Structure formats: C-alpha cells, structure tokens
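Let me begin by presenting the structure, written as structure tokens, before commenting on it.
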Amino acid sequence: MASKDVALSAYEHTASSGQPSFGLCRPPGHHAASDQFGGYCFFNNAAIVAQRALDDGHARVAILDVDFHHGNGTQQIFYGRDDVLTQSIHGDPDQCFPYYLGHADEKGEGRGLGYNVNYPLPPGTDYATWRERLELALAEISDKQASLLVVSLGVDTFEGDPISSFRLKSDDFLDMGRRLASLGLPTVILMEGGYAVEEIGVNVAKVLLGFQGA
C-alpha cells in the first residue's frame, strides 16, 4: 500500500505544481494486473496514477514503460481502453520474463485498438537501437495527444544488470532523461526494476539529471 501512496504523492506534486516528480516505489508495480500479482508487484503504481489523472480531468494519459521486462500488468489493465496509451520497450518475451505477453502484434482491442504498443528487442540490444524505439514511442505519445506522461522507469536495461541482457551504459541514461523531457509534458517517473545494486542509484540519478537538462 505504501508504494502506491508514494506514486500518488508524486502525481499530486506534479498536478499541483506542474513540475516533474519521481516516486521511489518499492515494491514496483508494472507486473500487477487487475486480477493478479507477479514479479514482486502487488499494486500497479503507474496504472493507479493514470486513473487518478483521468479522474482529475485529463483526457488521455501516456504510460511509457522502459523497464527491461514487459509491463504486462499495465497492458492488461488498459488493453480495451483509449484514454490511456500504454507503450513498453523490453526484452523479447519469447526469451524473457514475463513471457507470453509483450509481442509487437498486441495492439489493444475494441476502443483500445492502437493504444497499446510493444517494442520487443533481442538480447544484446545497445542504446542506439533502443533509442530508435524510444523515439517511436515519443512520437506516438505526441500523436495521441496525451496530456500527462507516466514513466515506468526500470534501470535493468543497464549492461551490468545480472538478470537482463541489454547493453545500455550509465551515460545513456542521461540521454534517455533528456529525450523524455523533450515532450514537454507534465511527467511522473515511477521506479520499477533494477538489480545491479551498486549502479541503480547512479543510473536513476542520471535519468533525472538528464530530464532536468543536465
């Protein structure tokens, strides 16, 4: 419960000030669906924030999941809806947890068709390739005219992460932050995964510094 309260406090700061916020959520949330938990996730923090923002009058919220693992819970919650655009850049689900979900042909259903976008990538993906998908995701957010960005931030895309297989370097997280900020949207960044213990704080700080223009 405390984790989702941290997420909501971050959102309230952004809603009241217009300034970006960061929620250091533990446990994470993006594997939690409407009817199940998994991957250490019990409440889907990003989904809770998105719904609160909609209740506050936002017409559409974008959730961009940059964790190494697919945000399957977030996808499931909003799969039939067009008021939340869900996008995830992640390891190929044929080879990576959570398996089964996260393929490129999963695009939403009913009203939500076209509002779920997956960018699965193979083991060994470097930042140049990963960044290309990020640019596609940012363009999609602009195209769908979201008025709030929620970032599910996992830093397990780092090359030294023990349970992941992407090859992002620490300085790449600075550039990631800058590109996220380029949308110019009110933004709530929520912590998801990251398992290279010594580097987690460094890499998160670099995203936030990049977002601030450092």
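These numbers were taken from a predicted model, which means no experiment stands behind them.
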Among all residues two or more places apart in sequence or in another chain, which pass the side-chain hydrogen bond (donor to acceptor under 3.5 Å, both in side chains) test with Y119?
Q87
Show your working on side chain to side chain contact (heavy atoms under 4.5 Å, CB included) between T157 and S164 and close with a plain yes or no.
CA-CA 7 Å; T157 51; S164 306; over 6 Å; no
Can any side-chain N or O of D92 pair as donor or acceptor with the backbone N or O of D94 at less than 3.5 Å?
yes
Please enumerate all residues that pass salt bridge (charged side-chain N to carboxylate O under 4.0 Å, His left out) together with R81, with sequence neighbours excluded.
D83
What pairs with F68 under ring-ring contact (aromatic ring centres under 6.0 Å, His included), at least two apart in sequence or on another chain?
F166
Closest non-hydrogen atom pair between V188 and A10, with its separation
CG1-CB, 4.0 Å
What is the distance from atom CZ of R133 to atom CD1 of I89, rounded to the nearest 0.5 Å?
9.0 Å
Report the residues that fulfil side-chain hydrogen bond (donor to acceptor under 3.5 Å, both in side chains) with D55, sequence neighbours left out, ordered by chain and then residue number.
Q51
With distance as the sole criterion, is a donor-acceptor pair present between the side chains of S88 and H70 under 3.5 Å?
no
Pairwise ring pair (Phe, Tyr, Trp, His ring centres under 6.0 Å) hits with a residue in residues 10-32, at least two apart
H31-F97
Using residues 199-210 as the side-chain source, report each donor-acceptor pair under 3.5 Å to any protein atom, sequence neighbours left out, with the distance given to one decimal.
from: N203; atom 1: OD1; to: S170; atom 2: OG; distance (Å): 2.7
from: N203; atom 1: ND2; to: E199; atom 2: O; distance (Å): 3.3
from: K206; atom 1: NZ; to: D171; atom 2: OD1; distance (Å): 2.6

One should read off an interatomic distance between S165 OG and E159 CD, to the nearest 0.5 angstrom, of 12.5 Å
How far apart are the closest heavy atoms of P120 and A104, and which atoms are they?
CG-N, 4.0 Å
Are V61 and L113 co-members of a hydrophobic cluster defined by side-chain heavy atoms under 4.5 Å apart?
no
Report the residues that fulfil salt bridge (charged side-chain N to carboxylate O under 4.0 Å, His left out) with D5, sequence neighbours left out, ordered by chain and then residue number.
none
Would you check if there is a donor-acceptor pair between the side chains of T86 and D65 at a distance under 3.5 Å?
no
Distance (rounded to the nearest 0.5 Å) between I189 CD1 and L149 CG
7.5 Å
Nearest-0.5 Å distance that lies between atom CD in E192 and atom CG in D156:
9.5 Å
If you measure from CG on N44 to CG on L190, what distance do you get to the nearest 0.5 Å?
9.5 Å
Are any side-chain N or O atoms of D67 and backbone N or O atoms of G193, one a donor and one an acceptor, separated by less than 3.5 Å?
yes
Return all side-chain donor-acceptor pairs below 3.5 angstrom for residues 122-129, not counting sequence neighbours, or 'none' if the list is empty.
from: T125; atom 1: OG1; to: P122; atom 2: O; distance (Å): 2.6
from: D126; atom 1: OD1; to: A128; atom 2: N; distance (Å): 3.4
from: D126; atom 1: OD1; to: T129; atom 2: N; distance (Å): 3.1
from: D126; atom 1: OD1; to: T129; atom 2: OG1; distance (Å): 3.2
from: Y127; atom 1: OH; to: D175; atom 2: OD2; distance (Å): 2.6
from: Y127; atom 1: OH; to: M176; atom 2: N; distance (Å): 3.3

Closest heavy-atom pair, S34 versus I77, reported as atoms and distance to 0.1 Å, is N-CG1, 3.7 Å
Taking only residues at least two apart or on different chains, which pairs with a member in residues 19-29 satisfy side chain to side chain donor-acceptor pair (under 3.5 Å)?
T14-S21
Without hydrogens or angle criteria, can the side chains of N45 and S3 be said to hold a donor-acceptor pair below 3.5 Å?
yes
Applying salt bridge (charged side-chain N to carboxylate O under 4.0 Å, His left out), can you list everything that pairs with R52, at least two apart in sequence or on another chain?
E12
Under a 4.5 Å side-chain heavy-atom rule over Ile, Leu, Val, Met, Phe, Trp and Tyr, are V6 and I48 clustered together?
no
For the student: nearest non-hydrogen atoms of A32 and C41, plus distance:
N-CB, 3.6 Å
With a 4.5 Å heavy-atom cut-off, do N72 and Y100 have their side chains touching?
no
Any non-hydrogen side-chain atom of I141 less than 4.5 Å from a side-chain atom of L183?
yes
V84 and its side-chain contact (heavy atoms from CB on, under 4.5 Å) partner, picked from Y79, F78, Y115
F78
Check: E140 and L136 side chains under 4.5 Å, non-hydrogen atoms
no
With sequence neighbours excluded, residues passing side-chain hydrogen bond (donor to acceptor under 3.5 Å, both in side chains) with K107
none
So OG1 of T74 and CG of L101: to nearest 0.5 Å the spacing works out to 11.5 Å
Please check this pair: side chain of R179 against backbone of E135, looking for a donor-acceptor N/O pair closer than 3.5 Å.
no
Under a 3.5 Å distance rule, please check whether E106 uses its side chain to pair with a backbone N or O of H103 as donor and acceptor.
yes
So which atom in A137 and which in L64 form the shortest heavy-atom distance, rounded to 0.1 Å?
CB-CD1, 3.8 Å
Could you check whether any side-chain heavy atom of M191 comes within less than 4.5 Å of a side-chain heavy atom of V155, counting everything from C-beta outward?
yes
Closest non-hydrogen atom pair between P186 and L148, with its separation
O-CD1, 3.3 Å
I'd like to check the ring-ring contact (aromatic ring centres under 6.0 Å, His included) partners of F37; sequence neighbours left out, ordered by chain and number.
F42
